[in-house]
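Worksheet: the structure to be examined is printed underneath.
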Amino acid sequence: MSKLLDLLQRISDGTPAPLGFGAARRAGLPGLALVGLVANDHQAGLAAAASAGIDAVLVSGVSDPEGIGSLAGSADGVPWGAFSPALSGETAQACQENGADLLAFGLESPADGISGEDDMARIISLAPDLSDRELRAASALPVDCFIVDMASVSGSWTLQNLVTLGSISRLTDKQVLVQVSGPPQKQDLEAIRDMGASGLILDLSKVSSDDLAGLKSDLQDMPRPRRRRERVRATVPSAGFTSPPAPDPEDDDHDDDYD
């Protein structure tokens, strides 16, 4: 199973990280997974992301088998993979052969690029304005996660931003990653998670090392999700016809005594 998928599932379930030999790097789960995006200087970017303790790394701008092969080993054990708007079967094959853990792509990708019998997580990037009909159809694709592109959000998240995210996460059973242009403010992280997200995707070239460290700390310090109290709904008589109440079984037995 993909390491990233395992982490996302544990975050969704609230399952603590394993202890003992071979345990995860951190003792506790973050509130959201953090996936770094490396768009240039790929080998150095992968190594830097690994040293920074990123949960996973996506590399964009590399699609040929030779380029993919040059990345093998650069991530130092951190799950990594390619991010291509139009992922080809050749790129997917090269990622599999070189130990990639995940693949991310857009709806423009040919069908042969997203299928395969392996343990790689397949992640599809969706525009936030996708219609409900298109979203339901996308949920039938053989993919594991959705990326919701919210990179246009700057500063504090608004209710409309959260509604846009929730309109996708609430209509699918896939894990949802949110692509952001910068670290969300601390008070927004819980709201993003509560609207159905399991992780963030952040372009590492657009964030300083101090801001990245601050985001990681905020993610690690997020409180557990609170259980929402179910609303008590009053029973209102229907305006139409109603079925008569079922007879009491005891009354039936009582009637039999007179037969």
Side-chain angles (χ1 to χ4, degrees), residues 3-4 7-8 25-26 30-87 91 94-95 98-106 108-109 120-128 145-157 161 165 176-186 188-189 192 197-220:
K3 294 179 182 178
L4 176 62
L7 174 62
L8 294 177
R25 287 169 289 128
R26 292 176 292 196
L32 294 165
L34 181 57
V35 179
L37 182 63
V38 175
N40 48 56
D41 200 4
H42 302 112
Q43 288 182 327
L46 276 174
S51 63
I54 303 297
D55 294 309
V57 188
L58 281 169
V59 176
S60 65
V62 178
S63 58
D64 62 287
E66 183 177 350
I68 296 294
S70 68
L71 302 177
S74 300
D76 192 25
V78 174
W80 67 277
F83 190 176
S84 175
L87 183 74
T91 302
C95 286
N98 287 281
D101 187 80
L102 56 154
L103 291 172
F105 40 84
E108 300 80 12
S109 299
M120 289 188 295
R122 284 169 167 76
I123 309 171
I124 192 166
S125 180
L126 302 176
C145 304
F146 285 166
I147 296 174
V148 182
D149 188 353
M150 300 294 291
S152 61
V153 178
S154 59
S156 296
W157 279 53
N161 298 146
L165 170 60
V176 173
L177 303 172
V178 181
Q179 186 170 355
V180 293
S181 58
Q185 297 185 18
K186 187 174 184 178
D188 292 330
L189 293 174
I192 292 171
S198 298
L200 303 175
I201 295 181
L202 177 64
D203 189 338
L204 298 181
S205 67
K206 298 181 179 179
V207 60
S208 68
S209 57
D210 289 342
D211 287 344
L212 182 60
L215 174 59
K216 285 178 51 192
S217 178
D218 290 343
L219 293 173
Q220 198 65 40

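Positions are given from 1, in the same order as the sequence printed here.
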With rounding to the nearest 0.5 angstrom, report the CD1 to CG distance, Ile192 to Asn161.
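If I round to the nearest 0.5 Å, the distance is 9.0 Å.
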From Cys145 atom SG to Leu126 atom CG, the distance as rounded to the nearest 0.5 Å
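If we round to the nearest 0.5 Å, Cys145:SG and Leu126:CG are 11.0 Å apart.
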Taking the side chain as every heavy atom from C-beta outward, state whether [X] and [Y] have any pair of such atoms under 4.5 Å apart.
X	Y	result
Phe83	Gln179	yes
Leu71	Val59	yes
Trp80	Leu46	yes
Val207	Pro183	yes
Ile201	Val178	no

Run the side chain to side chain donor-acceptor pair (under 3.5 Å) test against [X] and tell me which residues pass, sequence neighbours left out.
X	answer
Ser60	none
Asp203	Ser205
Gln43	none
Asp211	Ser208

Within the distance-only criterion (no hydrogens, no angle test), does the side chain of [X] pair as donor or acceptor with the backbone N or O of [Y] below 3.5 angstrom?
X	Y	value
Asp55	Leu34	yes
Asp101	Leu4	yes
Ser181	Ser152	no
Lys216	Ala52	yes

Do you know which of Leu32, Leu8, Leu58 makes side chain to side chain contact (heavy atoms under 4.5 Å, CB included) with Leu177?
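The passing option is Leu8.
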Taking only residues two or more places apart in sequence or in another chain, which ones pass side chain to side chain contact (heavy atoms under 4.5 Å, CB included) with Ala121?
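Once residues adjacent in sequence are excluded, the partners of Ala121 under the side chain to side chain contact (heavy atoms under 4.5 Å, CB included) criterion are Ser2, Leu5, Leu102, Asp144.
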Partners passing side chain to side chain contact (heavy atoms under 4.5 Å, CB included) against Ser84 (at least two apart in sequence or in another chain):
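Side chain to side chain contact (heavy atoms under 4.5 Å, CB included) list for Ser84, sorted by chain: Leu87.
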